[in-house]
Amino acid sequence: MAYDKFTVLTSSAVPLPIENVDTDQIIPARFLKATKREGFGDNLFRDWRYNGDDTPKQDFVLNNDIYSGQILVGGKNFGSGSSREHAAWAIYDYGFRCVVSSFFADIFKNNSMNIGILPVQVSEDFLDRIFKAIEADPQTQLEVDLSKQTITILSTGDSESFDINSYKKHNLTNGFDDIDYLQAMKEEISTFAQNSRY
Amino acid sequence: MSSKPTSLFDKVWDAHVVRSIADGPDVLLIDRHFIHEVTSPVAFLGLKTRNLGVMFPDRTFATADHNTPTINQHLPVADPLSANQLRALEENTSSYGISHWGLGNPKNGIVHVVGPENGITLPGMTIVCGDSHTSTHGAFGCIAFGIGTSEVEMVLSSQCIMQPKAKKMRINVNGNMSKGVTPKDVVLYIISKLTAAGATGYFVEYAGSVFENMSMEGRMTVCNMSIEMGARGGMIAPDETTFNYIKGREKAPKGQAWDDAVEYWKTLKTDEGVVFDKEYNFDGADIEPMITYGTNPGMGMGISQLIPTAADIDAGKASFAKSLQYMGFTESEPMLGKKIDYVFIGSCTNGRIEDFRAFASVVKGRKKADHVTAWIVPGSHVVEAQIREEGIYDILIEAGFELRQPGCSACLAMNDDKIPAGKYAVSTSNRNFEGRQGPGARTLLASPLVAAAAAVTGIVTDPRTLIA
Ligand code: SF4
């Protein structure tokens, strides 16, 4: 088992209503020099979060105490750019277990699910309503239910369902990852590989 | 043989599916796996934690490139964290029996440059690497894409990854391109039309006379940037140009094996009648030298145009304003004439010999602008040697430039090659994200010709005014 099981998550959320948040913003390249997976949360959104002299930028959401929680809500096309899994590690290490957006970049989505973060893709309208709810009340609770595949704004009951394939759902629910799956089919792979062209 | 028309993408993909999971991903066999010092250490750590071995060490190739210095490579690497990653790569590859072209090795260079250069990349392969510009190898008719570190661990331990099959897109560009328009302009043009997310969820095939007439170097530039419109990857059907490029390279098949391979490679094309999930057509004659004005590669424009206004942009007005503010630009102003501070030519996008030939064609007989700092970084030692052999080196020196040593350099600014905050850099690399080339750096993506024109004039200049 590679990470904690994901079942139902009820939490307040941190809003980041910016589009095209790319992985260079999530974790700038200069912080990719570690040879371990932990510790990246400290540099999550480093250049948006801190000034050049390492003092916090007061207007950035992670530096604003009224927002907290295990859910990050981002604008459209979240996680574009580099394939660095470090972006997902940084989000996880910071304490988020779920990212909500109206659109995710492919590699980011894959990377997230591989390490136990649930990417929840909602409609633009619903995303807008989440942002508005958080704006009105920063303590707004969201409930993400993986088994029912729904996300709900608890104060209003406003809810939307989201897509996830049954394989990934099974993995996340049980804390399994692809490596566990592949290890179990090694013989089949070996036979296939021996007959392959390259 | 089924008579159903099949796309190039499907032919290659289907030949590699070990197992299909219902309502889940396919288990895909990977033919070639490239690794480098930055995204592999944690994967090896994972292997150790789970007590797993490397299944096919001879199908993985390692090179050091992302944070290597581009000067004084013979000296110990000064940054302890970079040195640590380089050491980890060396130790990991040696303990698992993986080929490693580390710093100082004559074959060392940027992973996506050395793969094709040594004949490791061959048509019809599946290729992955923990770097999103792995799409470069699609130029050979490969399915090639970037993966995350967990997937690097998967490939090491099982030679497979699990991926849902992407949708299919074809982008056709026909017609005659005018003078001064390069493959980089073609791809920046396409991305500007489709936007930075326009191909998310798709695998792209590039087709049409513009690509047929392109060199392999040019095709690599185009496929390289597929990811910048969100595509999983891009590919071009192999043809005589491809075969000629591969023939005789170190790891290319020889003798009878060569003939057999070519026969197979000739089948790797999209059959008549295939319907794509999405298809675009562009006219090569509409493309002029391109330059970006914003903070994602979709924010590009013809060099003689004006920066668009928020009203011209459908979505993301807030991001658009934020982007222009970061760049220090305003709506509706020209890019031509803007003073620049740095020029970077290199990266896996434009760090091959043809790119330096293009750069030198403009620079020849001119001088570097005094206030410009230029970083000229070959993609590999092989490219560096070519630069010297062909006399390009002399042209550069004559004009007041220096040549650095191979590596990713300012493409991602992990080493010391960082553009200072607030400075403008015309770069031939692939990303203009905020801070990509150093905290606060302002990047203008362009072709080697545009970079050269900027390097000698010190301002954004249309290269067509400088070439005969
Ligand atoms: S040059 Fe840039 S894009 Fe290419 S491999 Fe290096 S970091 Fe990645």
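Throughout, a chain's letter reflects where its sequence line sits, starting with A, and its residues are numbered from 1.
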Gly230(B) versus Asp106(A), closest heavy-atom pair with distance: O-OD2, 4.3 Å
Side-chain donor or acceptor of Lys186(A) paired with backbone N/O of Ser157(B) under 3.5 Å: yes
Criterion side-chain contact (heavy atoms from CB on, under 4.5 Å) on Ile227(B) and Ile107(A), from CA distance to verdict: CA-CA 10 Å; Ile227(B) 180 77; Ile107(A) 305 186; 3.9 Å; yes
Chain A contact via Val27(B) - side chain, backbone, both or neither, heavy atoms under 4.5 Å: side chain
Members of residues 429-436 of chain B whose heavy atoms come closer than 4.5 Å to chain A: Arg431(B), Phe433(B), Glu434(B), Arg436(B)
Separation between CG of Asn114(A) and OG1 of Thr149(B), rounded to the nearest 0.5 Å: 10.5 Å
Non-hydrogen atoms of Ala34(A) and Gln85(B) that approach each other most closely: O-NE2, 3.1 Å
Stepwise side-chain contact (heavy atoms from CB on, under 4.5 Å) check, Ser150(B) with Asp178(A): CA-CA 9 Å; Ser150(B) 293; Asp178(A) 290 351; over 6 Å; no
Closest heavy-atom pair and its distance - Lys322(B), Ile18(A): CE-CD1, 4.2 Å
Pairing of Arg50(B) and Asp180(A) as salt bridge, 4.0 angstrom limit: yes
Residue among Ile189(A), Asn77(A), Asp47(A), Asn111(A) with most heavy-atom pairs under 4.5 Å to chain B: Ile189(A)
Any donor-acceptor N/O pair, Lys33(A) side chain to Met414(B) backbone, under 3.5 Å: yes
